[in-house]
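Step one of this worksheet: look at the structure below.
The model shown is predicted, which means the values in this text are computed figures rather than measured ones. Order of the sequence lines sets the chain letters (A, B, ...), proteins ahead of strands, with each chain counted from 1.
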Amino acid sequence: MELEILKYLIPALIMFCCGVYGFITRKNMIAILISLELMLNAVDINFVVFNRFLFPGQLEGMFFTLFAIALAAAETALAIAIIVNLFRAVKNVDVRNVNKMKF
Amino acid sequence: MDLSLSSHLILLLPLAMFLILGLTGMKMSHRLAGVLGTLGMGVTLLLAYAVAATYFFSGSSDFVDAAGLRLQYSVFDYTWLEFTDSLVIKLGFFLDPISAMMLVVITTVSFMVHLYSLGYMKGEVGFQRYYAFLSLFTFSMLGLVVATNIFQMYIFWELVGVSSYLLIGFFYTKPSAVSASKKAFIVTRFADLGFLVGILILSFYTRTFDFLTLTNSPEAVMASTGGATFMGASVLTWALVLIFMGGMGKSAMMPLHIWLPDAMEGPTPVSALIHAATMVVAGVFLVARMFPVYLQSSSALMVITVVGAATAFYAAVVACTQIDIKRVLAFSTISQIAFMMTALGVALPTIHEGMGYMASMFHLFTHAMFKALLFLGAGAIIHAVHSNNYTEMGGLRKYMPITHITFLIGCLAIAGIPPFSGFFSKDEMLTAMMNNHPFWGYWMTMVAGLTAFYMFRLYYRIFWWEENKHYAEHRPHEAPLTMTIPLIFLALVSVVAGFIPFGEYVTWNREPYEIHLDWSVAVTSIVTAVVAITIATAFYRKKNDLPDRLTRRFQWLWTAANRRFYFDELYMFITHSIIFRRVCQPIAWFDRHIIDGTMNMFASVTNRASSAIKGLQSGSVQSYVVVYLLGSLAIAAVVCVCLI
């Protein structure tokens, strides 16, 4: 069983790290958004896995995952809207152009 | 009229006039503002006379008991501030012989000055403002004399100081008037610091501000201090001397007299009202008001006597050498007030029934009248020749007959020639001094002689000597009727006031006292005065070079007296060279470098720290994520280490 859970957790961890790496290094804001989704999904997997292996009789983890997916969808819609507006203003989606909010 | 109503009106009417003229005066014409102010003052005058007459003559059991003892009566006494049960500040209206007398003096002189100013200030810029300030002054002075407690007196004491400041600086475009007003305010304010400390000490021990309690049980006041002493003198003496210091400031006693001669920069009627007749006697009034308490401390009375006698002599000598006629009168005022102070200082009940007190109040009354007369006369003269210096005058008797006669009456009154009023009051004071100690008696007789000399020197230089050559191009003319009527009225009062049986009304214990002339003293003082007048006549009646020769002979003395014995220079030296340079400059340096430096250091440290770390707020989302990630990893590491 120990090994069983790791089979799920390690890919999730890799997925999460990829998301983090992508978030930090990509310059395209769409790509950053995708990396963000990647991290969210990795966390969702963790929820499901822990629910399945640690509390098999319960469903909280599953429901929380559904909840997070819904939230992620809403958040993506918002982010896309922002990106579209930024694109209208500066004619590209490079994150380096979006650094006006500083000291 | 009802006493309560009229006493309210006496205070509120001048205040209302001040507000009306001060707020809406600039919309009025000059004539309307002047007439309104004068009418308001006239009504106040009638009310004050009615109240004084009720107090002295009605014989009501409120005011006089069966044995003829006059009683103290507070018409109303509102609680104004209640800090604790024992510390209560009240505002009220107190009637006793001296406050009733002061009501008469203040309203009379004030009304005369209001009337006179209609002519004197005609066409001046700020005429309405002038009348507003006069009303404010009258209100404050009336409030001062009817105060039921020492704190109320202090409040009005400061108010008269403010109105004096405003009126001295009335011609505020003239730098000399501005500096004179500041000088007057600062010097008297400095003295009032002593007054305030004295009040605090006194009320700390007695737990009361009330004059009635203080003056009716002076032994209890003495007992309440419990024999506490400070630097060798009893606390009570300290309190009384400090309170007297306030009086020294207002009444221009040496060494706090320096503001009064400069205060002559104000309009002349103001000098007559404030700096001759009313405000400057506030110090005398204060000592008189607290007199039963002063009797408990012979050292305090001794201080008053010595300060008074020294000031009287000093001011009389200086007055002999001044050229500005208003300054001569100013120094003469200082000298006469010092006379009153000395008379209070020597008034011991054990000697001649405390006659000095009665004499002092009597002189306060007569002096207010004849000094106001002299000042208003000087105003008429200045009005005619457009100069303050007697070198621009001479031979004026032909041009200004009314002013000449009234001024002469004033001079005779102040010189102490019978039957003018000054003779009677001065004689009583000299008798009181003689009874206390012959030294004071002879000393002050000498001062009285000097008074006669310098007043007649002034009189002859103005009205005789030789005609000034400028008269051909600018012929002096007699003053208008609004100015001569007050002169004539005050001259009449100065002639007859001496026959008022003053002892019937005002004595230290409020019991009637029969005045009888002490002929040995009277003859001495008359002879001294006549001799002094004769000398002045010989010197100054016709132009001659005798005064100049004498001046050259005693050049150093004359210069010293002319420069007022260098008191102003001494103050300049103390303030500028010692206080400013040795005390204020190091303090300013400390403030600028140490205090400000510390604060600047805090500010610059904050500033530098923030500019050093502001790069973190880069605006780039990805760098925030890096920092966030590193931070959470660090926290996770710490948590792991702690848990393991």
Side-chain angles (χ1 to χ4, degrees), chain A residues 6 9-10 12-44 46-47 50 54 68 72 75-90 92-103, chain B residues 178 182 186 576 579-644:
Chain A
L6 282 180
L9 287 183
I10 289 171
L13 180 64
I14 292 168
M15 220 168 120
F16 185 83
C17 289
C18 289
V20 169
Y21 177 77
F23 196 100
I24 293 170
T25 54
R26 303 312 296 248
K27 299 300 171 206
N28 190 320
M29 276 192 280
I30 303 290
I32 290 175
L33 190 60
I34 291 169
S35 310
L36 189 68
E37 290 303 312
L38 215 53
M39 285 190 277
L40 267 171
N41 288 344
V43 173
D44 288 348
N46 276 13
F47 273 125
F50 284 126
L54 298 184
E75 174 237 296
T76 308
L78 198 64
I80 289 289
I82 292 171
I83 291 166
V84 167
N85 274 303
L86 279 170
F87 179 78
R88 282 185 185 159
V90 297
N92 64 44
V93 288
D94 193 331
V95 76
R96 282 170 297 185
N97 291 325
V98 196
N99 62 352
K100 295 287 184 293
M101 288 178 68
K102 59 179 175 186
F103 47 86
Chain B
V178 173
K182 280 194 291 194
I186 293 168
H576 282 86
I579 298 180
F580 288 177
R581 188 169 308 156
R582 304 260 174 266
V583 181
C584 298
Q585 279 185 357
I587 292 175
W589 185 90
F590 182 82
D591 178 52
R592 236 170 267 139
H593 292 89
I594 309 292
I595 310 268
D596 288 4
T598 314
M599 290 303 152
N600 287 345
M601 193 190 72
F602 284 138
S604 74
V605 164
T606 314
N607 201 357
R608 282 205 208 123
S610 59
S611 60
I613 59 171
K614 76 177 177 184
L616 285 176
Q617 187 90 16
S618 63
S620 142
V621 185
Q622 289 170 320
S623 66
Y624 296 165
V625 171
V626 173
V627 173
Y628 179 77
L629 184 71
L630 293 177
S632 21
L633 284 178
I635 291 173
V638 169
V639 169
C640 288
V641 168
C642 291
L643 288 184
I644 296 165

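Of all non-hydrogen atoms in B/Leu616 and B/Tyr624, the two that sit nearest each other are O-CE2, 3.6 Å.
With a threshold of 4.5 angstrom between heavy atoms, A/Val95 approaches chain B through side-chain atoms but not through N, CA, C or O.
With a 4.5 Å cut-off on side-chain heavy atoms, A/Val20 and A/Leu38 do not count as touching. Side-chain contact check for B/Val621 versus A/Met29: every heavy-atom pair is 4.5 Å or farther apart. Proximity of B/Asp596 to B/Met599: side-chain heavy atoms (C-beta onward) are nowhere separated by under 4.5 Å.
Chain A is approached within less than 4.5 Å, heavy atom to heavy atom, by B/Val625, B/Val626, B/Leu629 from residues 625-644 of chain B, ordered by number.
Remark: A/Tyr21 OH is loosely packed, at most 12 non-hydrogen atoms of other residues, nucleotides or ligands lying under 6.0 Å away.
Under the side-chain hydrogen bond (donor to acceptor under 3.5 Å, both in side chains) rule, A/Arg96 has a single partner from A/Asn99, A/Asn92, A/Asp94, which is A/Asp94.
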